[in-house]
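Shown next, in structure tokens, is the structure this report addresses.
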There are 2 protein chains.
Amino acid sequence: MTDDCDSVRAVPRNGDEVRLRLQEAALELYLERGYDKTTAADIAARAGVTERTFFRHFTDKREVFFDGEAELRDLLTGAVAAVPAGTRPLPALRAAFHQAVPLIERHLPVTERRAPVIAATPALQERSLAKTAGLVAALTDALRARGVAEPLAALCAQVGMDTYSAAIRRWAADRGDDLHTHLDRAFNDLRLAANALK
Amino acid sequence: MTDDCDSVRAVPRNGDEVRLRLQEAALELYLERGYDKTTAADIAARAGVTERTFFRHFTDKREVFFDGEAELRDLLTGAVAAVPAGTRPLPALRAAFHQAVPLIERHLPVTERRAPVIAATPALQERSLAKTAGLVAALTDALRARGVAEPLAALCAQVGMDTYSAAIRRWAADRGDDLHTHLDRAFNDLRLAANALK
DNA sequence: GCAACGAGTGTCAGTGACTGACGACTGTGA
DNA sequence: TCACAGTCGTCAGTCACTGACACTCGTTGC
């Protein structure tokens, strides 16, 4: 903190800065005491603002935990749009996820700090699922924009996201190989598993 | 209010009966005023009990909306376990979902009444996603019990569930064909889409 | 300089979800 | 008749979240 000299309200200047302090304070407190044992007022106090200000920046006690999802969404939908015409939906998604690897790696430190908190609190798991569902909806739109028919677009977006999630999980358990490798491996597993149908 | 005859505490006898009345009252009120505009006290009042009793039967204002998930879970995991040994994971899941069709059809009237409420309220969508995630976890366990290796089991359970969900959506949009048909069609789409990989 | 203005914040009051503690009632079996 | 367990009502309290209002500060136009 650059908390300094004189009085109580020396800190707040910029709205974005307050927002960042609130996110950091929330993460710290959730790690220290757990999500249930920390109140919105606690978070606000550590960030040097009022509870009311907390709820002006974040709609939720959960929402403060999930940020940067828009960045990933924009990157993925852009990548899907940029894939060569004629590419089938799942290969297009696989390519898009490969494009996202640098972003994922850049966010890794924060992601790793968040992980144990999410794992320990059902309320955050629910919100996490909702965020993922939002990504799937965006990918569905991106596929439709490429001319993929409605029912297939939704199915592929969802299945592609699951495969990506599986790759992330394996990567977390085995950092020996990089995310690109795990991604290809997971999509290959999907192909083999689906081949057994019919 | 349909508050009736003699006195205040004429109604409650059995715990299960109260539970059912609360669920029905909640569904009615959510349909009439919407989820946000109905309080837990409202639901309890219509069911003829206290708000406190409401929270003794349901942990949540959301939870009262989702019941019978355990029934579907048990049926599905049992069906997966009963599939002939040697069957590959996704075909096993497809068979399990076919087994569940009668249950789904039986619950259709309630499901259809719930649908518009869920579609209109994000809080219920989140809980719905969490319930589905619970089913996926159960299916993952069921696959592991069949000897499917960990990372593949989770991926297949998730993908199988998505395909099932896709079939349900198509069925809702087109009741001309039965759910069995939509199920086979969705799994076939999955196979074709995955075949385009590599 | 100065007034108007908008963004960000603090304060206060209020609603509603949810919890813990306690006591009352009712049916069941010893 | 006497425990005993299950279900409920009552009461008090915490906390998430919201609306209304006033204030402060930096910017813009004059």
Side-chain angles (χ1 to χ4, degrees), chain A residues 1 3-4 6-23 25-27 29-30 32-66 117 121-127 130, chain B residues 1 3-4 6-23 25-27 29-30 32-66 117 121-127 130:
Chain A
M1 306 284 163
D3 248 348
D4 32 37
D6 40 32
S7 98
V8 187
R9 77 208 44 179
V11 198
R13 286 296 88 145
N14 184 341
D16 293 338
E17 188 193 322
V18 171
R19 195 182 169 83
L20 287 176
R21 280 212 312 274
L22 283 168
Q23 292 184 72
L27 179 50
L29 286 168
Y30 291 173
E32 291 172 15
R33 324 179 186 169
Y35 174 86
D36 300 315
K37 301 283 185 189
T38 93
T39 71
D42 292 336
I43 302 172
R46 178 164 298 198
V49 295
T50 308
E51 185 186 3
R52 191 65 185 86
T53 296
F54 174 91
F55 286 109
R56 271 193 271 256
H57 283 279
F58 302 98
T59 62
D60 245 26
K61 208 183 137 192
R62 294 167 218 91
E63 201 63 18
V64 69
F65 211 69
F66 298 93
V117 182
T121 92
L124 294 177
Q125 292 171 29
E126 280 198 13
R127 182 56 52 87
Chain B
M1 308 287 165
D3 252 348
D4 34 39
D6 41 30
S7 99
V8 187
R9 78 207 45 180
V11 199
R13 284 298 89 145
N14 182 341
D16 292 338
E17 186 192 323
V18 170
R19 195 182 169 81
L20 287 175
R21 280 212 312 274
L22 283 168
Q23 293 185 71
L27 179 51
L29 286 169
Y30 291 172
E32 291 172 16
R33 324 177 187 170
Y35 174 86
D36 299 315
K37 300 284 183 186
T38 93
T39 71
D42 292 336
I43 301 172
R46 177 164 299 196
V49 295
T50 308
E51 185 186 3
R52 191 65 185 86
T53 296
F54 175 90
F55 286 109
R56 268 193 273 257
H57 284 278
F58 302 97
T59 62
D60 245 26
K61 208 183 138 193
R62 298 173 264 308
E63 201 63 18
V64 68
F65 211 69
F66 299 93
V117 182
T121 93
L124 293 178
Q125 292 171 29
E126 280 197 12
R127 182 56 52 88

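The analysis underlying the following values was restricted to heavy atoms, covering all of them including side chains, and did not include hydrogens, waters or symmetry mates. Each chain gets a letter, A, B and so on, in the order its sequence line appears, and its residues count up from 1.
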Respond yes when some side-chain nitrogen or oxygen of B:His57 is under 4.0 Å from OP1 or OP2 of D:dC8, and no when none is. yes

Heavy-atom closest contact (B:Val64 atom, B:Leu22 atom, distance): CG2-O, 3.9 Å

Heavy-atom protein contacts under 4.0 Å, nucleotides 13-21 of chain C, coded B base, S sugar-phosphate only, - none: ---SSBBBB

Where A:Glu63 and A:Arg127 come nearest, the two heavy atoms and their spacing: OE1-NH1, 2.6 Å

May I ask you to decide whether B:Glu126 forms a salt bridge with A:Arg62, counting only side-chain N to carboxylate O separations under 4.0 Å? no

Rounded to the nearest 0.5 angstrom, the CG-NZ distance for A:Asp42 and A:Lys61 is 8.5 Å

Mind listing the closest non-hydrogen atom pair of B:Ile43 and B:Tyr30 along with its distance? CD1-OH, 3.5 Å

Is the distance from OP1 or OP2 of D:dT7 to the nearest side-chain N or O of B:Thr53 less than 4.0 Å? no

Tell me: CZ of B:Arg19 to P of D:dG6, nearest whole Å? 16 Å

